[in-house]
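Below: one structure, written as structure tokens.
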Amino acid sequence: MTAQIINGKEIAQQFCDDLAQQIKQLKKMPKLAVILVGDNPASLIYVRNKQKKAQEIGMECEVFHFAELAQENEIVTLIEQLNMDKSVNGIIVQLPMPKHLNETHILETVQQDKDVDAFKQVMSGALWQKKAPWASATPQGVLLLLKKYVDNLCGKHAVIIGRSNIVGKPMAALLLNEDCTVTISHSKTIGLKDIVKTGDIVVVACGVPRLVKKDWVKPGAVIIDVGISKVDGKLCGDVDFDEVKDVAGAITPVPGGVGPMTIAMLLKNTYTAYLKQMDNL
Ligand code: GUN
């Protein structure tokens, strides 16, 4: 079997084209504020791509770039100003942040109706109770891909590798909300390979390059690779793509799979936040 290659880049582009049409109908441009601390090379690229795509679809995106050694109170003060600023609809803080900063404190400062990354604790809780206005961008993008490539999610066994607050946990909640049977596994799981092999769907977000091999995968399974690493100067994911594509039913490439979907979902969340804020005026 040769897997279908899931073209996230194309699906994200179609999604963004539709979103651009909806944004054109608005009285004013939605605005996203992005806070970046330090010069993590991957974060610099992600933030540049977010800004570029936002502008492409008619959304304003202002980046606030702090030095690596910025103090927590400077960042908190900026977030408080952005919370008050009616022209700003969404606020995100690019992760990871330098180690000297209290990430939880900073993320909790973002006002709930502008938390378009859904990283606040209250947003995670709401997602598990199916009451969230939106979900974090990456798991939401993964779900959209799965809805296109899995006939019926109901009852399917979804195995997630990774338990981060920004991917693994919200991914589990979203799939559970779709009536999947969900297993959350991680780097310390005993018998990981055998568990992964029972998955009709496998979402991998553990940051271990090419961890998932051909003999880990149930024939025909849909494999979503959230990982992105550089090995010998080449980008690769957490799945050994060259091997696994011969067994899976469908698989995302790295790059060009999940990455573009994350940006599309972030912009969709910002649009939704704008609409909600307008409703509440
Ligand atoms: N770092 C990795 N993924 C993300 C994301 O979706 N949002 C933010 N803010 N930081 C990230």
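Atoms within each ligand, like the ligands themselves, are counted from 1 in listed order. Bear in mind the structure is a predicted one, so any value in this text is a computation, not a measurement.
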Pairs under 3.5 Å, N/O atoms on ligand 1 and on the protein: can you put them in a table with the distances?
from	atom 1	to	atom 2	distance (Å)
ligand 1	1 (N)	Gln94	NE2	3.4
ligand 1	1 (N)	Leu95	O	2.9
ligand 1	7 (N)	Asp117	OD1	3.4
ligand 1	7 (N)	Asp117	OD2	3.2
ligand 1	9 (N)	Val93	O	2.8
ligand 1	9 (N)	Asp117	OD2	2.6
ligand 1	10 (N)	Gln94	NE2	3.4
ligand 1	10 (N)	Leu95	N	3.0

For the side chain of Gln4 and the backbone of Ile251, is there at least one donor-acceptor N/O pair under 3.5 Å apart?
-> no
Within the side chain of Asp115, is there an N or O that forms a donor-acceptor pair under 3.5 Å with the backbone of Lys120?
-> yes
With Ile91, the side-chain contact (heavy atoms from CB on, under 4.5 Å) member among Leu107, Thr270, Ile35 = Ile35
Going only through I, L, V, M, F, W and Y residues with side-chain contacts under 4.5 Å, is there a path from Leu144 to Leu266?
-> yes
Using a strict 4.0 Å threshold on nitrogen-to-oxygen distance, state whether Arg210 and Asp238 make a salt bridge.
-> no
What residues join Val254 in its hydrophobic cluster, counting side-chain heavy atom gaps under 4.5 Å, either direct or through other members?
-> Tyr46, Ile228, Leu235
